[in-house]
There are 2 protein chains.
Amino acid sequence: MAAPLYQKVIDRIVAQISSGELLPGSMLPSEMQIAAETGVSQGTARKSLMMLEQHGIVRREQGRGTFVTARTPDSSLFNFFRLRQPDGQMIRPELVSEVVTNRRALAAERKGLDGEPKNVYEIRRVRSLKGVPSVLETAVVSASRFVGLDQRAPLPNTLYVLYQQNYGCIILRADESISAVLADGESAAALNVGTGTPLLCVDRVAFDIMGRPVERRRSLCRTDSLAYQVSLT
Amino acid sequence: MAAPLYQKVIDRIVAQISSGELLPGSMLPSEMQIAAETGVSQGTARKSLMMLEQHGIVRREQGRGTFVTARTPDSSLFNFFRLRQPDGQMIRPELVSEVVTNRRALAAERKGLDGEPKNVYEIRRVRSLKGVPSVLETAVVSASRFVGLDQRAPLPNTLYVLYQQNYGCIILRADESISAVLADGESAAALNVGTGTPLLCVDRVAFDIMGRPVERRRSLCRTDSLAYQVSLT
DNA sequence: GAGTGGTCTAGACCACTTT
DNA sequence: AAGTGGTCTAGACCACTCC
């Protein structure tokens with residue numbers, strides 16, 4: 001047996017989602033239907049669906065059905081936005097400025113994004129917490145994959161909702177690398193702090209459902225009112 | 001049906017591990033034996049074991065058996081030590097100094113540790129990378145739960161191996177909160193940097209197999225040669 | 001009431017490890 | 001060869017949602 005049957009069923013469903021045949025939020029066939037379509041037993045179809053649920057690709061609800069994961073503003077915030085108040089309280093920072101530019105990709109960006117794009121969109125935004133500018137974030141995506149992104153201003157609070165709804169791109173994983181830096185002139189001005197203030201620097205690579213790197217972003221965060229929180233297991 | 005049968009089987013096994021009846025590294029009974037002992041079918045025992053594996057409590061190997069997770073230096077490093085070189089390379093920093101003290105618990109420590117200990121051990125260590133002092137870490141544990149810990153110097157590189165082997169305490173989860181700070185006099189001296197150098201400050205609470213907070217620790221990290229890396233899903 | 005996922009059973013066969 | 005986990009099947013009943 002080369003690959004288990006349940007894996008073939010998983011691959012088939014992922015391909016259907018990736019191709020747009022199954023849209024985010026839509027309902028999948030029932031376990032029995034999938035079993036019939038793919039020629040496996042209901043138990044095997046069930047195992048496939050449970051594994052897809054664990055990977056966050058579908059959501060199952062007893063009595064209702066199985067649905068393709070829809071990236072809502074709430075779930076995006078919950079999954080990928082790790083900044084919290086020092087006491088652990090959730091935060092919803094407002095957007096205060098936004099600049100989208102189309103420019104040539106740097107060598108590192110070209111190599112580090114799927115499709116090796118020649119040009120990229122750079123989205124630079126400042127987020128504010130209770131009126132205090134707190135996060136300066138710069139996201140970069142392929143200009144050929146996200147055509148016309150600069151025409152869509154104002155962009156939503158969470159970009160991943162836009163990627164999903166307008167470009168069929170579902171973000172499921174993000175690798176982050178965090179360091180501490182001192183505010184330079186530009187970031188100090190944007191965040192209204194003195195140069196030399198310590199900031200968290202979060203570098204992220206976001207991956208789509210096929211595991212392709214789709215977005216690179218750097219967030220500079222004031223750390224007096226925010227902390228990066230994560231649970232390791 | 002109040003609780004599913006597989007959950008009762010899980011609870012039973014966790015209790016056996018927690019009580020020391022099943023030691024880390026030891027082999028569990030086979031699926032069939034567990035099924036017979038608990039009065040469920042083999043399929044249900046199997047489901048329990050697979051869920052325990054997903055929670056990191058046991059490890060399963062085809063043809064060999066199911067084993068209680070043993071916290072080895074390698075696995076501890078891999079799971080909970082998130083500091084990497086900027087290029088993503090794994091790091092194994094050496095210990096260069098170690099001080100263990102027994103003192104009264106601060107109010108926050110008393111509330112934030114299982115058993116509300118009156119006294120705690122404080123373990124203060126400096127880790128070095130290629131001869132450069134890079135991490136200053138201060139761990140705090142209950143003195144009543146870890147009796148005689150100050151007599152065990154030198155402590156192993158990864159404390160969680162000690163907790164497991166000498167105190168039957170298996171660490172399975174750690175919540176971390178990360179901020180950026182400036183080096184003060186003490187940390188600057190320990191890490192051989194100037195005061196005002198930006199440092200990563202990682203505050204951790206570690207939980208045992210029953211979900212009880214067992215250790216609190218703060219790590220101050222030089223960020224020129226190290227970055228905190230994590231994958232979000 | 002019909003349809004969905006959630007739990008559970010009792011078997012079968014295969015792949016792997018150890019003796 | 002014996003024992004282990006890995007895959008798969010074909011049924012059963014229950015709990016929940018929606019019409």
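The sequence lines fix the lettering, A, B, ..., with proteins before strands; numbering per chain opens at 1.
Rounded to whole Å, the distance from CG on L28(B) to P on dG5(D) is 9 Å. Atom CD of Q42(B) and atom P of dA12(C) are 12 Å apart (whole Å). If you measure from atom CG of L49(B) to atom C1' of dG5(D), you get 10 Å, rounded to the nearest angstrom. One can place CD of E31(A) at 9 Å from C1' of dG6(C), the figure rounded to the nearest angstrom. For R59(B) and dT4(D), the CZ to P distance is 16 Å, given to the nearest whole Å. For the pair M32(A) CE and dA2(C) C1', the interatomic distance rounds to 15 Å; values are reported in whole Å. We find that CE of M50(B) is positioned 10 Å from C1' of dT7(D), with the value rounded to whole Å. Put simply, CG on L5(A) is 16 Å from P on dC13(C), counting in whole angstrom units.
OP1 or OP2 of dG5(D) has at least one side-chain nitrogen or oxygen of T66(B) nearer than 4.0 Å. Contact between the side-chain N/O atoms of R64(B) and the OP1/OP2 oxygens of dT18(C) is found at a separation under 4.0 Å. Residue Y6(B) has no polar side-chain atom (N or O) positioned under 4.0 Å from OP1 or OP2 of dC8(C). In this model, the phosphate group of dG5(C) is not approached by any side-chain N or O of R46(A) to a distance below 4.0 Å at OP1 or OP2. In this model, the phosphate group of dG6(D) is approached by a side-chain N or O of R60(B) to a distance below 4.0 Å at OP1 or OP2. The side chain of K47(B) places an N or O atom within less than 4.0 Å of a non-bridging phosphate oxygen (OP1 or OP2) of dT7(C). Applying the 4.0 Å criterion to OP1 and OP2 of dT9(D), one finds that T44(A) has a side-chain N or O inside that range.
Of the candidate nucleotides dT9(D), dT4(D), dG6(C), dT4(D) has the atom nearest to the side chain of S30(B). Among the nucleotides dT9(D), dG5(D), dT7(C), the one closest to the side chain of P4(B) is dT7(C). Comparing dA10(D), dG5(C), dT9(C) by their nearest atom to the side chain of S41(A) picks out dA10(D). The nucleotide whose nearest atom lies closest to any side-chain atom of Q62(A) is, among dG5(D), dT9(C), dG5(C), dG5(C).
Checked for salt-bridge contact, R152(B) and D150(B) miss the test: no charged N lies under 4.0 Å from a carboxylate O. No salt bridge links E53(B) with R60(B); every basic N to acidic carboxylate O contact stays at or beyond 4.0 Å.
Remark: the D203(B) side chain and the S177(B) side chain contain no N/O donor-acceptor pair separated by less than 3.5 Å. There is a side-chain donor-acceptor pair under 3.5 Å between N157(B) and R127(B). Inspection of the Y228(B) and E176(A) side chains reveals no N or O donor paired with an N or O acceptor under 3.5 Å.
Aromatic ring centroids of Y163(A) and F146(A) lie under 6.0 Å apart.
The 5' end of DNA chain D is approached more closely, in terms of each residue's nearest nucleotide, by V40(A) than by the other of V40(A) and G63(A). Comparing A45(A) and Q33(B) against DNA chain D, the residue whose closest nucleotide sits nearer the 5' end is Q33(B).
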